[in-house]
Amino acid sequence: MNLDFTLRSEIQKAIDALFRQPVGQLQIQPTNAEFEGSHTLVCFPLVKISKRAPEATATALGEYLVANSGLVSRFNVVKGFLNMVIEDRAWIQVLQAIHANPSFGFVPPHGRELMVEYSSPNTNKPLHLGHLRNNFLGYSVAEIYKALGYTVHKVQIINDRGIHICKSMAAWQAYGNGVTPETSGLKGDKLVGRYYVEFDKHYRAQVKELMAQGVAETEAEKQAPIMKAAVDLLQKWEAKDPDVLALWQKMNGWVYAGFEATYQRMGVDFDKLYFESETYLSGKDEVLKGVENGTFIKKEDGSVWVDLTADGLDQKVLLRSDGTSVYMTQDIGTAILRFRDFPKIEGQVYTVGNEQEYHFKVLFLILKKLGFAFAEKCYHLSYGMVDLPTGKMKSREGTVVDADDLMEEMVEEATQQTHALGKVAEMTPNEIRELTEMIGLGALKFFLLKVDPQKRMLFDPNESIQLQGHTGPFIQYTHARIRSILRKAAALGVDVSTWEGTATSPLEPAEREVIFKLNQYPQKIHEAAREYSPAVVANYAFELAKGYNQFYQTVPIFQESDAAKLQLRVVLSHAVADVLKKALRLLGMQVPERM
RNA sequence: GGUCCGAUAGCUCAACUGGAUAGAGCAGCUGCCUUCUAAGCAGCAGGUUCGGGGUUCGAGUCCCUGUCGGAUCACCA
């Protein structure tokens with residue numbers, strides 16, 4: 001049964017019977033811990049139709065509900081708050097419904113489709129901490145919408161062309177001596193990233209040297225041999241020079257292999273990749289169409305602009321005076337291309353840092369002006385930067401936290417802890433590896449996802465490698481603990497599948513509390529989806545685990561002599577393990593059988 | 001300068017979108033493992049929710065104003 005729905009309709013009936021007037025949305029909230037009850041109706045808004053004081057309104061409703069609903073066993077009134085105690089029978093029905101429904105929390109597929117973009121790295125730079133937040137967020141939002149029955153297409157756009165790519169190519173040609181990932185033993189993305197840094201180093205040195213010879217700075221920047229080499233490569237690339245294309249493909253191939261390894265360890269994946277090299281020309285036609293129909297303005301020098309001043313924004317260039325595209329042009333083209341590739345998607349979610357908020361505001365507005373209805377359904381999933389205790393991450397200053405390194409550190413920490421706690425006695429090395437991988441990455445994912453996306457957050461390496469308290473491993477541990485109980489139950493012949501919801505009242509308060517939390521799961525997923533916030537799911541899972549642990553410490557299971565009560569507790573445990581597993585799955589986290 | 005975002009316990013974060021005495025975790029202090037996994041539980045302590053006005057039965061939440069942090073406003077991507 002759906003307790004909230006039923007309670008709501010019972011209250012509605014009570015209001016109809018007592019006050020005979022329609023009322024808007026009822027305000028029901030969890031009861032504060034200090035009062036008896038689980039659900040609280042806020043009665044202040046009702047005084048208009050009850051024509052009574054808040055206390056009297058609440059009391060009248062409470063009495064009616066106890067007498068007529070069969071759902072409310074007792075109530076108390078504090079000021080205008082009606083605190084209701086739900087019948088144990090109803091709680092058991094709730095548990096029964098959850099227990100009987102293997103897909104509790106999931107909405108059956110309904111055919112609606114959505115696209116989620118995330119990651120979208122630059123091929124010159126290995127993935128770092130910021131990408132981890134980005135990837136975990138995007139992946140999780142995709143999973144959350146899938147749970148709600150959507151078909152979700154996970155995509156990324158790879159920034160694989162342009163002068164910056166040519167920089168690492170030029171540096172590799174000049175200083176690489178033919179080094180490859182194989183000969184160097186380096187991951188491909190790290191190798192290419194190294195030559196991007198190399199470029200910068202030599203470039204600065206060359207500029208400095210030229211300036212020492214008396215060349216002006218701007219001129220020196222153009223004349224530096226390494227820069228000339230990079231520009232030359234870009235021109236050849238655009239002219240489709242076979243040698244340059246081959247080099248470009250080779251080095252990009254290294255990067256993709258490196259990224260793929262990182263994605264695999266992160267546990268994220270994509271259904272389709274978009275490459276900027278294939279899409280960067282595609283927005284131009286749309287912009288030219290926009291010029292024809294008067295949406296955009298062409299200036300005398302040939303550049304094309306959109307005027308958004310009426311919408312409170314600025315003017316924005318869409319085509320340079322030489323007719324070439326800018327970033328915005330490409331994004332227009334890519335957005336339209338994607339809706340052509342996936343005609344059924346109703347919207348796109350762009351997981352991109354909040355420094356691009358203005359960009360996306362403009363992009364969506366332009367798409368709207370071009371007459372695309374889907375513009376309304378585009379959403380910029382904007383997230384705050386991840387700060388370090390030392391301040392901002394800056395690649396030039398070497399303060400970037402590398403994704404691979406960080407994952408490795410987390411797993412190492414998990415391994416140490418696991419050994420220190422003496423958990424490894426009965427495990428094979430393989431099992432230990434699997435477990436510590438789960439814990440290390442779980443800790444990392446939970447850490448990055450538990451914070452509201454739009455807030456910037458602090459990553460303190462020392463504190464972030466916590467495996468206790470408000471962490472992923474805490475929840476994973478709770479799951480493992482329950483699995484252990486279920487194994488014991490099975491050994492004792494307690495079968496959860498035969499449970500028929502036999503009433504065993506009175507329920508323990510901790511049991512009610514856990515059922516109450518379990519019951520919240522579906523609405524939490526909806527809330528998370530509505531707000532594009534995996535943090536809602538993360539914090540819910542934590543609370544459920546915490547509630548279960550309280551139950552676990554206060555209510556014995558196998559010491560219980562009443563077989564029906566014992567069975568209920570095992571069923572309850574089973575349901576919690578199941579929901580924890582599902583909820584963590586939405587965060588991209590796995591859950592161990594023992595730890 | 002314009003626009004947008006943020007500010008909550010020593011630290012990291014919550015607060016069901018306007019509800020009751022603002023909650024967790026970490027750090028600190030006290031207890032609980034011959035009984036289902038102590039990566040746990042119970043407790044103590046910790047707050048002028050950045051300041052000042054306002055709106056109302058009720059404000060961390062909404063409005064105005066100020067302060068402090070950040071982002072953004074390129075014929076860069």
Side-chain angles (χ1 to χ4, degrees), chain A residues 27-35 40 42-45 47 53-54 78-81 83 122 159 161-164 276 299 301-305 312-314 316-322 324-328 330-331 353-359 361-362 382 384-385 387 392 414 417-418 420-421 423 439 443 447 450-452 454-460 463-464 466-478 480-489 492 520 523-524 527 531 535-536 539-540 542-543 545-546 549-550 552-560 569-570 573 594-595:
Chain A
Q27 272 187 61
I28 299 174
Q29 61 190 42
T31 303
N32 274 17
E34 63 199 292
F35 304 116
T40 293
V42 183
C43 294
F44 297 102
V47 299
V78 181
K79 292 189 255 177
F81 298 94
N83 302 322
N122 175 323
N159 187 347
R161 63 160 284 280
I163 184 68
H164 55 291
E276 220 178 88
K299 294 201 174 167
D301 63 0
S303 59
V304 174
W305 295 75
L313 304 173
D314 302 305
K316 189 90 192 168
V317 69
L318 297 177
L319 287 177
R320 298 190 186 97
S321 44
D322 64 5
T324 56
S325 305
V326 293
Y327 183 46
M328 185 63 77
Q330 295 174 36
D331 267 11
N354 62 8
E355 68 274 11
Q356 294 204 39
E357 254 161 32
Y358 183 77
H359 173 79
K361 207 180 272 182
V362 171
S382 158
M385 196 168 308
D387 288 317
K392 230 167 149 172
Q417 282 280 331
T418 303
L421 290 168
K423 303 274 187 181
I439 296 173
F447 182 84
K450 73 178 180 186
V451 180
D452 183 354
Q454 71 171 307
K455 288 192 173 177
R456 46 189 309 155
M457 62 182 295
L458 183 77
F459 184 87
D460 182 339
E463 207 167 308
S464 309
Q466 278 280 343
L467 307 179
Q468 275 129 14
H470 191 188
T471 66
F474 170 89
I475 303 168
Q476 292 171 318
Y477 175 75
T478 307
R481 176 186 250 178
I482 296 174
R483 297 304 300 174
S484 164
I485 286 170
L486 297 177
R487 282 191 294 273
K488 178 158 183 180
L492 292 172
Q520 290 179 311
Q523 76 193 49
K524 290 288 180 183
E527 189 186 332
E531 295 178 10
V536 171
N539 290 318
Y540 166 74
F542 174 72
E543 273 175 35
K546 193 158 174 59
N549 282 327
Q550 283 165 358
Y552 173 88
Q553 303 277 349
T554 53
V555 182
I557 297 176
F558 297 113
Q559 271 79 349
E560 178 57 55
R569 286 171 197 168
V570 174
S573 302
R594 51 190 102 222
M595 73 183 266

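Computed from a predicted structure; not experimentally measured. Note that these values count all heavy atoms, side chains included, but never hydrogens, waters or copies made by symmetry. Letters go in sequence order (proteins before strands), and every chain restarts at 1.
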- Task: Let me know the distance between OH of A:Tyr327 and C1' of B:U72, rounded to the nearest Å.
- Result: 14 Å

- Message: Closest approach to the side chain of A:Tyr552, judged atom by atom: which nucleotide of B:U37, B:A39, B:A14 is it?
- Response: B:U37

- A:Arg483 CZ to A:Thr478 OG1 distance, which is reported to the nearest 0.5 Å: 14.0 Å

- Message: Please determine whether a side-chain nitrogen or oxygen atom of A:Asn539 lies at a distance below 4.0 Å from atom OP1 or OP2 of B:A14.
- Response: no

- Does NZ or CZ of A:Lys299 fall inside the cone over A:Trp305's six-membered ring, less than 6.0 Å from its centre and within 45° of the axis? yes

- Message: Starting the side chain at C-beta, find the nucleotide from B:C75, B:A39, B:C41 nearest to A:Gln468.
- Response: B:A39

- Message: When you compare the side chains of A:Thr40 and A:Thr31, does any donor N or O come within less than 3.5 Å of an acceptor on the partner?
- Response: yes

- Can you tell me how far P of B:C5 sits from CG of A:Asn354, to the nearest Å? 11 Å

- Grab the CG-P distance between A:Asp452 and B:C5 for me, whole Å please. 13 Å

- Task: Under 4.0 Å between any heavy atoms, over every strand shown, what does A:Gln27 touch: base, sugar-phosphate, or nothing? Just pick one.
- Result: base

- Query: The side chain of A:Ile557 lies closest to which of these nucleotides: B:A77, B:U37, B:C36?
  - Reply: B:C36

- Message: Measuring from the side chain of A:Lys455 (C-beta onward, heavy atoms only), which nucleotide among B:A77, B:A14, B:G25 has the closest atom?
- Response: B:A14

- Look at the aromatic rings of A:Phe44 and A:Phe81 and report parallel, tilted or perpendicular, splitting at 30° and 60°. perpendicular

- Message: At 4.0 Å (heavy atoms only), tell me whether A:Asn32 reaches a base, stays on the sugar-phosphate, or touches nothing.
- Response: base

- Syn within 90° of 0, anti beyond: B:C57 is anti

- Item | Sugar-phosphate, base or nothing in reach of A:Asp331, heavy atoms under 4.0 Å | nothing

- Message: Students often get this wrong, so: under 4.0 angstrom with heavy atoms, is A:Lys423 touching a base, only sugar-phosphate, or nothing?
- Response: base

- Would you indicate what A:Pro556 reaches in the nucleic acid, counting non-hydrogen atoms under 4.0 angstrom: base, sugar-phosphate, or nothing? base

- Message: Suppose we call a contact any N or O donor and acceptor under 3.5 Å apart; does that hold for the side chain of A:Thr40 and the base of B:A20?
- Response: yes

- Task: Please indicate yes or no: is the ring centre of A:Phe81 less than 5.5 Å from the centre of the six-membered base ring of B:A20, with the two planes inclined by under 30 degrees?
- Result: yes

- Indicate, with a heavy-atom threshold strictly under 4.0 Å, whether A:Thr478 touches base, sugar-phosphate, or nothing. nothing

- Message: Rounded to whole Å, how long is the line connecting atom CD1 of A:Ile439 with atom C1' of B:U37?
- Response: 13 Å

- Does the ring of A:Phe558 carry A:Lys488 above it, NZ/CZ under 6.0 angstrom from centre and within 45° of its axis? yes

- Task: Please round to the nearest 0.5 Å and tell me the distance separating atom CD1 of A:Ile439 and atom OG1 of A:Thr471.
- Result: 10.0 Å

- Taking B:A20, B:C16, B:G25 as options, the one with an atom nearest any side-chain atom of A:Pro30 is B:C16

- What nucleic acid atoms does A:Ala480 come within less than 4.0 Å of, heavy atoms only: base, sugar-phosphate, or nothing? base

- Item | Nearest-nucleotide pick for A:Phe44, side chain only, options being B:G19, B:C75, B:U21 | B:G19

- Query: Which value, in whole Å, describes the distance between the C1' atoms of nucleotides B:G25 and B:A14?
  - Reply: 10 Å

- Message: Would you compute the distance between atom CZ of A:Arg161 and atom CD of A:Gln330 and round it to the nearest 0.5 angstrom?
- Response: 5.5 Å

- Side-chain donor or acceptor of A:Ser321 under 3.5 Å from a matching atom on the base of B:C75? yes

- Compare all side-chain heavy atoms of A:Lys423 with those of A:Met595 and state whether any distance is below 4.5 angstrom. no

- For nucleotides B:A45 and B:G31, find the distance between their C1' atoms and express it as a whole number of Å. 15 Å

- Message: Need one value for A:Val451: base, sugar-phosphate or nothing, where a base atom within 4.0 Å counts as base even if backbone is also close, heavy atoms only.
- Response: sugar-phosphate

- Query: Which part of the nucleic acid does A:Leu421 contact within heavy-atom distance under 4.0 Å: base, sugar-phosphate only, or nothing?
  - Reply: base

- Item | Contact nearer the 5' end of RNA chain B, comparing A:Val317 with A:Gln520 | A:Gln520

- 5' priority, RNA chain B, between A:Tyr358 and A:Arg487 [closest heavy atom]: A:Arg487

- Phosphate-side-chain proximity, A:Lys79 and B:U21, N/O vs OP1/OP2 below 4.0 Å: yes

- Task: Grab the CZ-C1' distance between A:Phe459 and B:C13 for me, whole Å please.
- Result: 15 Å

- Geometric class of the A:Tyr327/A:His359 ring pair [parallel <30°, tilted 30-60°, perpendicular >60°]: parallel

- Message: Heavy atoms only, 4.0 Å cut-off, all strands: where does A:Gln550 land among base, sugar-phosphate and nothing?
- Response: sugar-phosphate

- In whole angstroms, the gap separating P of B:A27 from CG of A:Leu458 amounts to 17 Å

- Query: How long is the line joining CZ of A:Arg456 and C1' of B:A71, in whole Å?
  - Reply: 8 Å

- Which nucleotide, B:A20, B:C5, B:C75, lies nearest any side-chain atom of A:Glu34? B:A20

- Report which part of the nucleic acid A:Met595 touches: base, sugar-phosphate, or nothing (heavy-atom distance under 4.0 Å, all strands). base

- Message: Categorize A:Val304 for me: base, sugar-phosphate, or nothing, with a 4.0 angstrom heavy-atom threshold over every strand shown.
- Response: nothing

- Tell me which nucleotide among B:A39, B:U3, B:C41 gets nearest to the side chain of A:Gln553. B:C41

- Message: For a quick check of understanding: with a heavy-atom distance under 4.0 Å over all strands, which category does A:Asp322 fall into, base, sugar-phosphate or nothing?
- Response: nothing

- Task: Taking Watson-Crick and G-U wobble pairs with both distances under 3.5 Å, convert RNA chain B into its dot-bracket string, 5' to 3', dots for unpaired and | for cross-strand pairs.
- Result: (((((((..((((.....[...)))).(((((.......))))).....(((((..]....))))))))))))....

- Message: With the six-membered base ring of B:A24 as reference, does the ring of A:Phe542 sit under 5.5 Å away with planes under 30° apart?
- Response: no

- Message: Of the listed nucleotides (B:U37, B:A77, B:C13), which one gets closest to any side-chain atom of A:Val326?
- Response: B:A77

- Query: Counting N and O atoms only, with roles assigned by atom type, does the side chain of A:Ser573 sit under 3.5 Å from a partner on the main chain of A:Arg569, one being a donor and the other an acceptor?
  - Reply: yes

- Query: Rounded to the Å, how far apart are A:Asp387 CG and B:A7 P?
  - Reply: 14 Å

- Message: Give me the distance, rounded to whole Å, that separates B:A71 from B:C75 when you measure between the C1' atoms they each carry.
- Response: 23 Å

- Query: Got A:Phe35 and A:Val78 here, is their nearest side-chain heavy-atom distance under 4.5 Å?
  - Reply: yes

- Message: From the set B:A38, B:G19, B:A39, return the single nucleotide nearest to any side-chain atom of A:Arg481.
- Response: B:A38

- Message: Under a 3.5 Å threshold, yes or no: a donor from one side chain and an acceptor from the other, between A:Arg456 and A:Asn354?
- Response: no

- Message: So A:Gln559, base contact, sugar-phosphate only, or nothing? Heavy-atom distance under 4.0 Å.
- Response: base

